[in-house]
Amino acid sequence: MFPGPLINATTNDVVHVNVFNDLDDPLLFTWNGIQQRLDSWEDGVSGTNCPIQPGRNWTYEFQTKDQIGTFFYFPSINFLKAGGGFGPIRVNNRPVISVPFPKPEAEFDFLIGDWHSSSYKDIRSRLDASDVLPPDWMLINGKGPYMNNLSLSYETFNVTQGKTYLLRISNVGTAWSFNFRIQNHQMVLAETEGSYVNQIELESLDVHVGQSYSVLVTANQSAADYYIVASPKMSNATNNNTLVGVAVLHYDNSTTPATGSLPSGPDPFDLQFSINQAKSIRWNLTTGAARPNPQGTFNVKNVAISETFIFQASTAVVDGLYRYTVNNVSYLTPNTPLKLADYFSNGTGVYELDAYSKNSSNVNAVRGVFVASALHKGWTEIVLKNNLDIIDTWHLDGYSFFVVGIGEGEWNPESRSSYNLNDPVARSTVQVYPGGWSAVYVYPDNPGMWNLRSQNLQSWYLGEELYVRVYDADPNPAKEKPPPQNLLLCGFFQPSPPPLNEHNPNAPSVSPAPNSPSSKACKQNAPSVSPEPNAPSPKAYNPNSPSVSPAPNAPSPEAYNPNSPSVSPAPNAPSSKAYNPHRTRSLIAVITTALCFLYIGLH
């Protein structure tokens, strides 16, 4: 299944995702934008989790605590994202919360991203030599451009004249930002990465790598077909190029194919257009989101900054190899996850806290384990500087940060006078333009070990990342959750191997998938999400009750009931009923990764 199955959740749901690794590479999944409140054990990156080994499976369990919005998941290690494996996440509002727009007729997931014709293994093998060609396709939900002779299929979205739809758009690519637009249709921006925004009407929208948006589109044109276009930024790709993604908006009963030229967007090299649009996206201060109180109740207008981090992205040759760096440090991934070392040995032997500066660059480029401390519950300013010639994007796991400033040229303390402290949008991924900077405020109230990274896959893989350690000395599990019972061990804490041909009852609870399909099998009917059998019905919902936790005997994937009402639709299927499930429950999802890693020839 490509893209992967939809995870369709509601605020405060507990989600179980059982990942079967049928690849020949170790694997982790991360949940882009899900904050993993008090629980970085489930974050699914190299600094928090031991990888799921080939032929094994492991179950993530995380809560969508106090969140709503549009997100996605993807494999986080070994350059696997370039092979697919991504899928959509919707976190719907609880029924007690008013949504700041009328209920749409249906929702559509748009997972759009660049794609290499070559396999991810081939691309990965070339990275050290720095001879990697850029991606040469733009896929919309895993399908090639409409009207392109090289495309085996294209994506179509069916609408009814006069109805309004919610489009959840995510850039799941590895390198290219894109501009999104629909022929003869306006869009109303509604949400970004868990924050409702002041609604603005747009002809087109720039979406940078790792970012997600929700827009409202009304089918108010004559019944016909219309082009949907995603074209790369900072590229000369022409309309018939495979790097221009094209899908079709199809009106019911339309017999008229899309005609004319593709709708034109802004000049792809006009960064000022993109900067101005980014600055126009403002937080809606008056609406509720995950909670009934207005979003603006928690704001940055009068906060006192406790410390400032300044991180500069650049490239360097380190030990004869081309690398990306943060403050001239290219991240070196240790064999032992930082979180594991933090818990068992206070990091001894794996990393040294604050070994590298948080606001200046090393004189010489080095490789090292970069872990920066952040003051628990002390407002932190993070300035992200881009010395690269690409649009970079930075993501912080565990948090939403407030984007207070985006600027050109060199950042200096006087740049703070340009900050928007009234209604900056809260999100988890921010773009940084070439030769420019972006500034964010973050409140480190979520203890754990959190990845701060470039979302550009090559940059990330070659070292543009670090970890932010937020420590709360209070051992109360209400402040930070203990390790999960199925914790995987590796590195310094590798468990003793069991005797040959003998089961070891003390080994971590990961187990092989005896009936999982091989990497050559494609099981298209794998379920995406199924509810706990005894989940409360909408009528039984109690807003004052605690979130539902999983039942001890929750059904295994084999016990999945295809007639269950909460089966998630395919990413491009409309789902008006899924818009607001009106309940809090545990969810169970199954991802068989072999289904998600396909080559372009299968699209």
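Please read these numbers as outputs of a predicted model, since none were measured by experiment. For reference, positions follow the sequence shown, starting with 1.
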Donor-acceptor check, side chain of Arg282 to backbone of Lys279, threshold 3.5 angstrom: yes or no?
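Such a contact is found between Arg282 side chain and Lys279 backbone.
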Qualifying residues under side chain to side chain contact (heavy atoms under 4.5 Å, CB included), relative to [X], sequence neighbours excluded:
| X | answer |
| --- | --- |
| Ile200 | Leu189, Leu202, Ser280 |
| Asp270 | Asp267, Gln272, Phe273 |
| Thr160 | Lys163, Tyr165, Asp252 |
| Ser195 | Trp283, Gln295, Val425, Ala426 |

Does a side chain donor of either [X] or [Y] reach within less than 3.5 Å of an acceptor in the other side chain?
| X | Y | answer |
| --- | --- | --- |
| Thr164 | Thr218 | yes |
| Gln35 | Ser400 | yes |
| Tyr196 | Asn93 | yes |
| Asp13 | Thr11 | no |
| Ser274 | Tyr433 | yes |
| Ser212 | Thr70 | no |
| Asp136 | Thr242 | no |

Indicate yes or no: at least one non-hydrogen side-chain atom of Ile112 is less than 4.5 angstrom from one of Val207.
no
Hey, are the side chains of Pro434 and Ile391 touching, using non-hydrogen atoms and a 4.5 Å cut-off?
yes
side-chain contact (heavy atoms from CB on, under 4.5 Å) partner of Gln455, chosen from Glu464, Gln211, His208, His395
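For Gln455, the side-chain contact (heavy atoms from CB on, under 4.5 Å) check succeeds only for His395.
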Leu396 vs Val442, side chain to side chain contact (heavy atoms under 4.5 Å, CB included): CA-CA, chis, key distance, verdict:
CA-CA 10 Å; Leu396 177 61; Val442 62; 4.1 Å; yes
Could you note down all residue pairs passing salt bridge (Lys or Arg N to Asp or Glu O under 4.0 Å) where [range] supplies at least one of them, sequence neighbours left out?
| range | result |
| --- | --- |
| residues 285-294 | Asp66-Arg291 |
| residues 385-399 | Lys385-Glu410, Asp397-Arg453 |
| residues 187-216 | Glu193-Arg427, Asp206-Lys233 |

Could you check whether the rings of [X] and [Y] sit parallel, tilted or perpendicular, using 30° and 60° as the cut-offs?
| X | Y | result |
| --- | --- | --- |
| Trp115 | Phe2 | tilted |
| Phe110 | Phe157 | parallel |
| Trp31 | Phe62 | tilted |
| Trp394 | Phe311 | parallel |

Working to the nearest 0.5 angstrom, can you tell me the gap between [X] [atom1] and [Y] [atom2]?
| X | Y | atom1 | atom2 | result |
| --- | --- | --- | --- | --- |
| Tyr461 | Leu80 | OH | CG | 9.0 Å |
| Gln431 | Ile390 | CD | CD1 | 13.0 Å |
| Trp137 | Leu243 | CH2 | CG | 10.5 Å |
| Phe180 | Ile169 | CZ | CD1 | 4.0 Å |
| Arg90 | Phe72 | CZ | CZ | 15.5 Å |

Ring-ring centroid check [X] [Y], cutoff 6.0 Å:
| X | Y | value |
| --- | --- | --- |
| Tyr226 | Tyr251 | yes |
| Phe74 | Phe86 | no |
| Tyr441 | Tyr443 | no |

Ring pair (Phe, Tyr, Trp, His ring centres under 6.0 Å) against Tyr324, all qualifying residues, sequence neighbours excluded
Tyr322
If you measure from the Lys or Arg side-chain nitrogens to the Asp or Glu carboxylate oxygens, is any gap between Asp423 and Lys301 under 4.0 Å?
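No, Asp423 and Lys301 are not salt-bridged.
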Which residues satisfy the side chain to side chain donor-acceptor pair (under 3.5 Å) test with [X], sequence neighbours excluded?
| X | value |
| --- | --- |
| Ser438 | none |
| Ser204 | Asn179 |
| Ser254 | Asp225 |

Evaluate Asn92 against Asn8 for side-chain hydrogen bond (donor to acceptor under 3.5 Å, both in side chains), listing each step before the verdict.
CA-CA 8 Å; Asn92 302 286; Asn8 197 20; 3.0 Å; yes
Pairs involving residues 227-247, ordered by first then second residue, that meet ring-ring contact (aromatic ring centres under 6.0 Å, His included) (sequence neighbours left out)
none
